[in-house]
Amino acid sequence: MSAASRQESSPQDVVELEKQYLLQNYGRYPLILHRGDGPYMWDTAGKRYLDFIAGIGVNALGQNHPRIVRVIQEQAARLIHTSNLFYNEYQGPLAKRIAEVSGLQRTFFTNSGTESVEGALKMIKAHGQDIAPEKFEIVALDNSFHGRSLGSLSITGQPKYRKDFEPLVPGVKFIPAGDIAALEAAINQNTAGIVMEWIQGEGGIAPVGFKFCARARELADEHNALLCFDEIQCGVGRTGKYFGYQLADPHVMPDIMVAAKPIACGIPLGIIVANERAAKAIRPGMHGSTFGGNALAAHVALEFLDILEDLLPSIIRVGEYFRAELRRLATKFDFITEVRGYGLMIGVELNRPGKDIVTRAMQEGLLLNCTHDTVLRFLPPYIVTEKEIDEAIAILDRVFAS
């Protein structure tokens, strides 16, 4: 099929081809997005949408950001991929920049959040094995989400994701998020690692609590275990800090941090970042990635981090404005029970399922999604302003009233 004929395909043709040839694992919305600019997207019919899900937190600078487009064009014309058999010009500078903003020393580049979690699990397991054969247990949290591979599913604390693939990796203990007594009871000399999201994303935009994370740090030190923070959804600027653990004062530092989503603005890239203690568990030949940190992705990520530095104050300011406006709506509509989050990671808890609200908002020109059945999730691009917040609030007001 030529490019011209693909452009002439009707929306029905697009849907039918997917039904015939794609694995039927996605429950897609009936919308074919064609182009974007800034915080807006357009479908094939030319209808405009305000995008407040941003590719599930990936499109940090919206669409068509001129600096990102320039870097992609220039780098694609020069060099895209070499594999990790060779050096490229961007991995070293990018790893240095990540060390500076994270407070951790060593980075491994991956292609996704799930792949980053897998590498972190190998680091934790190898650390435990270096100490004792029976030191392989991992403590994870109920209601968590870490990915869909077998390893990441094994530490995902939502049975609906795990049940079709069991038995999974053994030795995982799940405890309630925020329950310090349960945390203390779960950790012992056989614990190799503790893995948690600073803010549970798929679990409903639920912060796990500063005191809980600080106690996890203490217990990891006491039992020579590694503490891993999953920052795939809440990290890389989403909260107005580079990483979620920097919200606490003083910071609660992990041994390992994993991130992905916005770091290359839509080009697949993930990171595992570790201190020297954790990093030494992975020795030559123990781990690798063909695509991870290729020249295109690494160059885009460097450019993004330069842009992000100037955006952090506005992420905090606009996020506070957005939450205040959502709380104002909550005084009008009693099915809204809570508004929570940090920066531009915001959840609106309802006392009813939210799927139909997502559909109605899409019809009105606003893209968001619903997680945990009853939480409206907002992950706008970092470039959003109060003007677009007002536009979204007006749409939500109409949808809630209907």
Side-chain angles (χ1 to χ4, degrees), residues 81-100 102-140 146-147 149-155 168-172 187-196 216-217 219-232 243 253-260 263 268-295 297-298 301:
H81 176 75
T82 64
S83 87
N84 283 301
L85 291 173
F86 310 100
Y87 293 94
N88 71 50
E89 300 169 69
Y90 308 105
Q91 283 195 12
L94 179 57
K96 179 177 184 288
R97 186 67 186 278
I98 291 168
E100 291 167 350
S102 71
L104 300 168
Q105 286 75 47
R106 295 194 179 271
T107 292
F108 178 85
F109 294 109
T110 73
N111 307 285
S112 69
T114 294
E115 189 186 327
S116 296
V117 170
E118 290 289 326
L121 290 176
K122 288 178 71 174
M123 193 174 284
I124 288 168
K125 292 282 191 179
H127 167 81
Q129 286 295 301
D130 285 344
I131 298 169
E134 61 274 12
K135 193 174 180 65
F136 63 86
E137 294 180 357
I138 295 173
V139 175
H146 296 287
S149 59
L150 290 177
S152 59
L153 277 178
S154 298
I155 59 167
L168 295 167
V169 175
V172 179
I187 297 173
N188 56 45
Q189 71 276 10
N190 294 330
T191 304
I194 308 164
V195 185
M196 65 179 72
R217 176 68 275 167
L219 291 166
D221 290 339
E222 288 174 21
H223 293 280
N224 199 4
L226 297 180
L227 177 62
C228 176
F229 287 154
D230 180 340
E231 297 262 352
I232 291 163
F243 300 101
M253 290 297 296
D255 299 296
I256 308 168
M257 180 269 293
V258 295
I263 196 166
L269 182 65
I271 54 175
I272 307 166
V273 194
N275 59 22
E276 296 287 2
R277 173 170 168 257
K280 71 179 184 180
I282 299 296
R283 296 176 288 279
M286 289 177 65
H287 196 51
S289 172
T290 297
F291 291 97
N294 71 26

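One is the number of the first residue; the rest follow in order along the sequence.
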Can you name the nearest heavy-atom pair linking [X] to [Y], along with the distance?
{"X": "Ala281", "Y": "Asp130", "result": "CA-OD2, 4.2 Å"}
{"X": "Met123", "Y": "Leu226", "result": "O-CD1, 4.0 Å"}
{"X": "Val273", "Y": "Ser102", "result": "CG1-OG, 3.8 Å"}
{"X": "His146", "Y": "Val195", "result": "CE1-CG1, 3.8 Å"}
{"X": "Val169", "Y": "Ser154", "result": "N-OG, 2.9 Å"}

Which residue, Asn294, Ile272, Ile98, forms the side-chain contact (heavy atoms from CB on, under 4.5 Å) with Phe109?
Ile98
Side chains of Ser116 and Thr110 only: does a donor on one sit below 3.5 Å from an acceptor on the other?
yes
Student check: side-chain heavy atoms of [X] and [Y] closer than 4.5 Å:
{"X": "Leu104", "Y": "Ile271", "result": "no"}
{"X": "Ile138", "Y": "Lys125", "result": "yes"}
{"X": "Ile194", "Y": "Arg217", "result": "no"}
{"X": "Val117", "Y": "Ser149", "result": "no"}

Determine, step by step, whether His127 and Asn224 satisfy the side-chain contact (heavy atoms from CB on, under 4.5 Å) criterion, reporting the C-alpha distance in whole Å, the side-chain angles of both residues, the deciding distance to 0.1 Å, and the verdict.
CA-CA 9 Å; His127 167 81; Asn224 199 4; 3.5 Å; yes
Under-4.0 Å salt bridge between Glu100 and Lys96:
yes
